[in-house]
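Quick notes on the structure that follows.
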Amino acid sequence: MAALRFGFVGIWQAGDFMIKIYYFSATGNSLYVAQYLQKNLAGVELLSIPRELRQGNFSAEADSVGFIFPLHYGGLPLIVEDFVRQLKIRAKYIFAVCTCGIPWLGRPFTDLEEILAGKLNASWFVRLVSNYLPYRDTAADWRIKFRYWWAEKTLASIARAVAETQTHSTWEINKVGCKKMHDDWSARRAELDGKFICDVSRCVKCGMCEKICPTKNITRPNGNPVWNHRCVECLGCLNVCPKAAIDVSSVTRGRKRYINWNVKPKDLFQN
């Protein structure tokens, strides 16, 4: 393996060292992390998990392979689990980054390591902004700014660790309780979009909800969205809607939508 050095332009370089990063991002937090690592590490290829899953690309061969994803119900997003279970990996170093609103509460790395048969070398939580509006409203702008500032400090240390292929483990709290919560949620998979509604008086039929959906669950036969029970509850459709026309029952009505300020919504489209 080529010797590593910190480049004078601020990029960790490793000659022909190849890093494949697979990411899943519904509202931009995980894409922001992936793009940060691509910018600050040499030899990084970014790959969208929904796109790779849809195209049947299940072979990952590189010096290092990384996974970046949000925390869903205390564990892995369903689409990430579906993909990784089918992925054949040939790499010397495997790492994972989980973006979340509350760090350490959950078991995403325990579950990922189980799927990978113990081959996960490093893992980190990065605290950003929760997009789960059925639980609570989006954080205030000052809090979002602070979390971006703090996240960049965390990401700088992650980039260095990945460049040097350092091992790293992180706390995971309440793993037993989170497993039950995640399993119960997963068992209701066909019902996850049952409470999604669209206010047709506000909908401008722009199609952004359809484009952002990672499972192609949304169709628009009359211009307005219809959900077809393949939902993974990423809430991309709810958060990207420019008119806030989509809600989860009445619970999310009036709550502030969130797309990471550092990414463009079109970069999240899965078409």
Side-chain angles (χ1 to χ4, degrees), residues 24-33 50 69-80 98-103 105-106 108 125-148 151 178 181-182 184-186 188-204 206-215 217-218 220 224-270:
F24 169 54
S25 191
T27 53
N29 286 336
S30 294
L31 178 57
Y32 157 65
V33 170
F69 50 82
L71 185 70
H72 280 191
Y73 279 78
L76 293 172
L78 296 174
I79 198 167
V80 174
C98 180
T99 59
C100 59
I102 303 176
L105 182 61
F125 282 109
V126 174
R127 189 177 193 183
L128 283 160
V129 181
S130 173
N131 75 356
Y132 197 70
L133 294 181
Y135 177 58
R136 62 182 173 187
D137 206 346
T138 301
D141 285 358
W142 70 266
R143 193 180 298 273
I144 294 174
K145 291 177 183 178
F146 176 79
R147 289 192 184 175
Y148 290 160
C178 286
M181 177 175 66
H182 191 273
D184 290 347
W185 172 66
S186 179
R188 297 185 291 105
R189 187 166 185 167
E191 306 167 8
L192 295 180
D193 57 9
K195 294 183 179 180
F196 281 67
I197 56 175
C198 175
D199 183 345
V200 297
S201 68
R202 302 181 71 175
C203 177
V204 293
C206 65
M208 292 179 72
C209 56
E210 181 182 13
K211 292 176 181 177
I212 206 169
C213 181
T215 59
N217 181 49
I218 295 175
R220 298 184 306 116
N224 309 120
V226 174
W227 291 265
N228 293 281
H229 312 303
R230 297 187 302 274
C231 183
V232 292
E233 207 174 358
C234 69
L235 301 188
C237 60
L238 185 153
N239 282 283
V240 81
C241 178
K243 298 297 182 181
I246 296 173
D247 280 294
V248 179
S249 65
S250 61
V251 176
T252 60
R253 195 164 295 151
R255 292 183 175 176
K256 185 173 67 173
R257 275 42 176 172
Y258 172 74
I259 295 290
N260 187 289
W261 299 353
N262 301 285
V263 305
K264 299 176 182 178
K266 68 177 183 179
D267 293 334
L268 296 166
F269 291 167
Q270 298 298 333

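Every heavy atom of this structure was used, including side-chain atoms; hydrogens, water molecules and symmetry mates were not.
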For a quick test of your reading: what N or O donor-acceptor pairs under 3.5 Å do the side chains of residues 232-239 make, sequence neighbours left out?
unit_1: E233; atom_1: OE1; unit_2: W185; atom_2: NE1; d: 2.7
unit_1: E233; atom_1: OE2; unit_2: Y132; atom_2: OH; d: 2.7
unit_1: N239; atom_1: OD1; unit_2: Y258; atom_2: N; d: 2.9
unit_1: N239; atom_1: ND2; unit_2: N131; atom_2: O; d: 3.4
unit_1: N239; atom_1: ND2; unit_2: L235; atom_2: O; d: 2.9

Parallel, tilted or perpendicular, as decided by the 30° and 60° cut-offs, for the rings of W261 and Y148: perpendicular
K256, NZ: over 12 other non-hydrogen atoms inside 6.0 angstrom: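 For K256, atom NZ is crowded (more than 12 foreign heavy atoms under 6.0 Å).
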More than 12 heavy atoms of other groups within 6.0 Å of R188 CZ: yes
S25: side chain to side chain donor-acceptor pair (under 3.5 Å) partners, not counting sequence neighbours: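 For S25, no residue satisfies side chain to side chain donor-acceptor pair (under 3.5 Å) once neighbours in sequence are set aside.
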Residues which pass side chain to side chain donor-acceptor pair (under 3.5 Å) with R257, listed by chain and number, not counting sequence neighbours: D247
For the residue pair [X] and [Y], establish whether any side-chain heavy-atom pair is separated by less than 4.5 Å.
X	Y	value
I259	L268	yes
C100	F69	no
P70	P77	yes
T138	V129	yes
Y135	S130	no
L78	H72	no
S30	F24	no
P108	F125	yes

Taking all atoms of both residues into account, what is the closest heavy-atom pair of [X] and [Y], and its distance?
X	Y	answer
P265	V240	CB-CG2, 4.1 Å
G74	C178	O-CB, 4.0 Å
L128	A151	CD2-CB, 3.7 Å
C203	N224	SG-ND2, 3.2 Å
R220	C209	CD-SG, 4.2 Å
L192	C231	CD1-O, 3.6 Å

Distance, nearest 0.5 Å, that separates [atom1] of [X] from [atom2] of [Y]:
X	Y	atom1	atom2	result
K264	F269	NZ	CZ	12.5 Å
I218	D193	CD1	CG	8.5 Å
E191	H229	CD	NE2	9.5 Å
D267	N260	CG	CG	11.0 Å
R230	R189	CZ	CZ	11.0 Å

Please check this pair: side chain of [X] against backbone of [Y], looking for a donor-acceptor N/O pair closer than 3.5 Å.
X	Y	result
R202	K243	yes
K211	K266	no
H182	L76	yes

Donor + acceptor pair across side chains of D199, S201 (<3.5 Å):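 Yes, side-chain donor-acceptor contact under 3.5 Å.
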N217 and N228: side chain donor to acceptor below 3.5 Å: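 Per modelled atom types, N217 and N228 side chains form no pair under 3.5 Å.
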Pair W227-I246, side chain to side chain contact (heavy atoms under 4.5 Å, CB included): steps then yes or no: CA-CA 11 Å; W227 291 265; I246 296 173; 3.8 Å; yes
